Amino acid sequence: MPNVTIHPTGEVIYLEPEETVLSGLYKAGYAYTIGCRRGGCAICKVDCRAGTFTYNRPIADTVITAEERTDGTCLSCRAVPDGDITIEMRDGNVRLVNPFLRQINDKARQRAEALARAQADMAGATTKE
Amino acid sequence: MGVMRLGYAHVRVTDMAEAKDHYANTMGLYETLSDVSPEGANRTFYKAWDEWDHHSVVLEEGGVGLVKYGWKVQYESDIDDIERKAQTFGVTVERMSKGENPEIGDGIRFTTPSDHVFEVYHDATLIGTEVGTHNPDAFPRHLVGVGVPALDHSLITAEDPGMMDRFLTEVFDFYATERVQTSLDDDADIIATWMTSNNQIHQLAVLAGPQGKLHHFAFRLGDWTEVGRAADLFSMDDVPIDVGPTRHGITRGQTVYFFDPSGNRNEVFAGGYLAYPDRPVSVWTPEKLGKGVFYHARELNDAFTSVLT
Ligand code: FES
Ligand SMILES: [Fe+2]
């Protein structure tokens, strides 16, 4: 019954009655970052830009805060649209799967930049002489 | 000997009816008690078939994630010993009395540096198993679903896993069997640690991440075949599988990660080698962490470090 429109690409996905946003999108062949599919891990949040939805189970306050209940945050694995809705995905195409390597890379870059700065300073000091 | 094992995992579930269906009918735990907590929450207590104490899993309705863990010590005096060591570490310890947890005796309670609540106790009501202790058969004939024999271990997250490594070493007399470190240098940071008090490959593992969170708690299985059969049952019961069946490079255990109906991650875990305190610690570095966690895919999925309750 309800249609889910994905902003900004404009794809429209048709959902069966009582179907959650997550289930509808996956059944339509889409994939995005999800975890437990059971409302516990908070990873599947999208933004609802138009229309309303209802959660089909109680959602823990640790998963959706009081503020998020009114700011358009939509926990997609438990959200059933009341009618047509428009959503915007939160995750981009880049998927970070090993943050520890990322941290090490960050530090390496900072070290290299610091070294380059130090060398530039030394070169500056030499030319002044 | 101090801490013998992870005695119980007490977790929150959003819907008790769905949770009971999962833990009783899919996992095959035995319900030993259902009650209402002093705060008014529905609770259900379970034990697995090869466990003799009153319970090893407690479900409490309302929210998700961990309430607390119970650690069972061998001697009454171990409680005082751990209390002293925790205080020396700088942790505030409170006494808990018999009956605060149904069928659990006197003990202590404290919040770890990782913001998880631990209880330490010596007495639990002995229920025994169906096969008994007199000329026992190999297993109960009418197991339900996966029919797990026991709770095995848990993985939690903490902002400073190195601190938790020290805490568990100094307070629980645990030792690390494997670690993930930023490098092989002496001053490397600990990203994750697998710790135990005995020959079990790990009783508690700690991974870098937010404070106070649950990554998973695991049930023991015998071998690959049982792990594969568990995964089949998860498909039959529409249990969301996170990863597996596969092997962990770390611990060498065979595994399926999956989610309960509230989104708490569970695991079934088989194998793992025998741990000894004098065995040199296996060290993994971040570029091989994918292989360390999922030995066959050799890549972390995006849920591994971010999906927690
Ligand atoms: S996938 Fe875990 S809360 Fe939706
Ligand atoms: Fe595990």
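Numbers restart at 1 for each chain; the letters A, B, ... are given by sequence-line order, proteins then strands. What you see below is based on every heavy atom in this structure, not just the backbone, and it leaves out hydrogens, waters and symmetry mates. Being a predicted model, the structure only gives us computed values, none of them experimental.
- Atom CZ of B:R298 is surrounded by 12 or fewer heavy atoms from other residues, nucleotides or ligands within 6.0 Å.
- Salt-bridge annotation for A:R57 and B:E18: present, with a side-chain N of the basic residue lying under 4.0 Å from a carboxylate O of the acidic one.
- Distance CG/B:D238 to CZ/A:R37: 9.0 Å, rounded to 0.5 Å.
- Residue A:Y55 qualifies as enclosed at atom OH: its count of foreign heavy atoms under 6.0 Å is above 12.
- Interface remark: B:S262 contributes backbone atoms only to the contact with chain A (heavy atom separation under 4.5 Å).
- Taking each heavy atom of A:G35 and B:F259 in turn, the nearest pair found is O-CE1, 3.4 Å.
- Neither the backbone nor the side chain of B:N266 comes within contact range of chain A, judged by heavy atoms closer than 4.5 Å.
- Ranked by heavy-atom pairs shorter than 4.5 Å toward chain A, the options B:G63, B:P240, B:G290 are led by B:P240.
- B:H22 NE2 to A:R38 CZ: the interatomic distance, rounded to the nearest 0.5 Å, is 10.0 Å.
- You'll find the side chain of A:I59 stays beyond 4.5 Å of the side chain of B:T14, heavy atoms only.
- Chain B forms more heavy-atom pairs under 4.5 Å with one residue of A:C77, A:A60, A:P58, A:C36 than with any other, namely A:C36.
- B:L214 CG to A:C41 SG: the interatomic distance, rounded to the nearest 0.5 Å, is 12.0 Å.
- Interatomic distance, CG of A:N56 versus CG of B:D15, reported as 10.5 Å (0.5 Å rounding).
- With a 4.5 Å cut-off on non-hydrogen atoms, B:L207 touches chain A through its side chain but not through its backbone.
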